[in-house]
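All figures in this text were calculated on a predicted structure; none of them were measured in a lab. Just so you know, ligand 1 is whichever comes first in the structure, and atom 1 is the first atom listed for that ligand. Every heavy atom of this structure was used, including side-chain atoms; hydrogens, water molecules and symmetry mates were not.
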Amino acid sequence: MTSYIDADAAATRTNAIKLHGPDGFAGMRKAGRLAADILDAIAPHMAPGVETQAIDDMIRAHMLREGAVPATLGYRGYTHSSCISINHVVCHGIPSERTLKDGDIVNVDVTPLLDGWHGDTSRMYLIGDVGVKARRLVDVTYEAMMLGIEQAKPGNRLGDIAHAIQSFAEKHRYGVVRDFCGHGVGRLFHDAPEVVHAGRPGTGPELKPGMFFTIEPMINIGRPDCKVLEDGWTAVTRDRSLSAQFEHSIGITETGCEIFTKSPTGLDKPPYF
Ligand code: MF3
Ligand code: CO
Ligand code: CO
């Protein structure tokens with residue numbers, strides 16, 4: 001009989017939520033650590049005048065050097081090694097010749113695939129002098145993600161995570177994006193369950209040790225509504241208000257959760273210097 005813990009060997013996408021064992025935790029620890037190292041390494045380069053494509057090149061080189069491949073490269077036709085989302089771009093910003101500018105707030109999202117495991121994480125970067133409203137959005141978004149992660153423990157439900165994020169963001173009169181969500185992660189980049197960032201407590205699947213998923217709230221100063229540009233990827237706020245996002249990959253343990261993508265040097269949120 002096949003145990004549920006072995007189910008990830010085949011790595012097929014089903015609606016069942018996989019329960020991973022010690023090998024999964026070990027694999028995610030390595031992939032998550034590499035993802036965090038990469039976000040640490042680009043921090044000094046996130047400065048005015050730098051092309052986002054140059055950042056993407058650095059990210060790809062770092063992954064290849066460490067024996068990983070960018071999971072986004074060739075993913076549904078995507079041709080870059082990261083997503084770089086500036087200001088009113090909610091997510092899936094495409095690296096380009098666009099240079100970073102004083103006052104920009106920028107999300108960089110990376111997913112190295114290392115030894116069969118995906119470490120998916122993103123952080124915000126502040127470019128030069130950033131206005132107080134934008135900085136507050138970034139702070140609240142980080143705090144919202146961490147409040148969600150605090151709810152990630154056995155016996156709680158996915159709705160408890162969603163509610164923690166939504167209630168905190170809305171208390172600050174921000175809009176929580178509904179069009180994109182977190183996801184199961186592991187041998188697959190995007191697996192069950194869908195991890196929504198707005199919802200009611202006590203609803204949704206119950207959390208169990210061995211579940212791996214991302215928490216990656218996107219929060220807007222204005223309305224939650226998004227639209228995708230002609231390029232088929234770039235998601236922007238409909239009202240062009242600023243948007244921020246952080247993402248961690250986590251695993252549910254007996255007592256709470258392990259964050260696989262924490263910065264080893266404490267650069268989890270800006271300012272980084
Ligand atoms: N890393 C993103 C996530 O958090 C997915 C990016 S898919 C891409 O799920 F193709 F746009 F890169
Ligand atoms: Co993700
Ligand atoms: Co991501």
What do you get for the angle at the Co ion (ligand 3) between OD1 on Asp109 and OD1 on Asp120, to the nearest 10 degrees?
100°
Give me the one residue out of Leu73, Val110, Val69, Thr111 that meets side-chain contact (heavy atoms from CB on, under 4.5 Å) with Met63.
Val110
Is Asp109 in polar range of ligand 1, meaning some N or O pair under 3.5 Å apart?
yes
Using the side-chain contact (heavy atoms from CB on, under 4.5 Å) definition, which of the options Ile86, Ile94, Val90 pairs with Thr234?
Ile94
In terms of atom number and element, which parts of ligand 1 are under 4.0 angstrom from non-hydrogen atoms of Asp120?
1 (N), 3 (C), 4 (O), 9 (O)
Hey, are His197 and Glu216 close enough side-chain-wise for a donor-acceptor pair under 3.5 Å?
no
Contacting atoms of ligand 1, where contact means under 4.0 angstrom from a heavy atom of Thr111
1 (N)
To the nearest 0.5 Å, what is the distance between NE2 on His172 and CD1 on Ile219?
9.5 Å
Under 4.0 Å from a heavy atom of Trp233: which atoms of ligand 1 are those, numbered in the order shown and with their elements?
8 (C), 10 (F), 11 (F)
Hey, does the side chain of Arg240 reach the backbone of His88 with a donor-acceptor pair shorter than 3.5 angstrom?
no
So, are Arg60 and Asp57 salt-bridged, with charged N and O less than 4.0 Å apart?
yes
Protein heavy-atom partner closest to atom 9 (O) of ligand 1 - residue, atom, separation in Å:
His190 NE2, 2.7 Å
Mind checking whether His92 has an N or O less than 3.5 Å away from an N or O of ligand 1?
no
Short N/O/S contact of Glu216 with the Co ion (ligand 3) (below 2.8 Å):
no
Is the Co ion (ligand 2) under 2.8 Å from any N, O or S atom of His190?
no
Does any non-hydrogen side-chain atom of Pro95 lie less than 4.5 Å from one of Ser82?
yes
Over 60° means perpendicular and under 30° means parallel, so classify the ring planes of Tyr125 and Tyr272, tilted if in between.
tilted
Where on Glu216 is there a heavy atom closer than 4.0 Å to ligand 1, on the side chain, on the backbone, on both, or on neither?
side chain
With a 4.0 Å cut-off on heavy atoms, does His183 reach ligand 1?
yes
Between Asn220 and Ser241: side-chain donor-acceptor atoms closer than 3.5 Å:
no
Mark the output for Phe180 as yes if a heavy-atom distance to ligand 1 is under 4.0 Å, and as no if none is.
no
Does ligand 1 have any atom that is closer than 4.0 Å to a heavy atom of Arg76?
no
Can an N or O of Thr72 be found at a distance shorter than 3.5 Å from an N or O of ligand 1?
no
Closest to the Co ion (ligand 2), which N/O/S atom of Glu247 is it?
OE2
Sub-4.0 Å atoms of ligand 1 with respect to non-hydrogen atoms of Cys83:
6 (C), 8 (C), 11 (F), 12 (F)
Does a side-chain N-to-carboxylate-O contact under 4.0 Å join Asp40 and Arg123?
yes
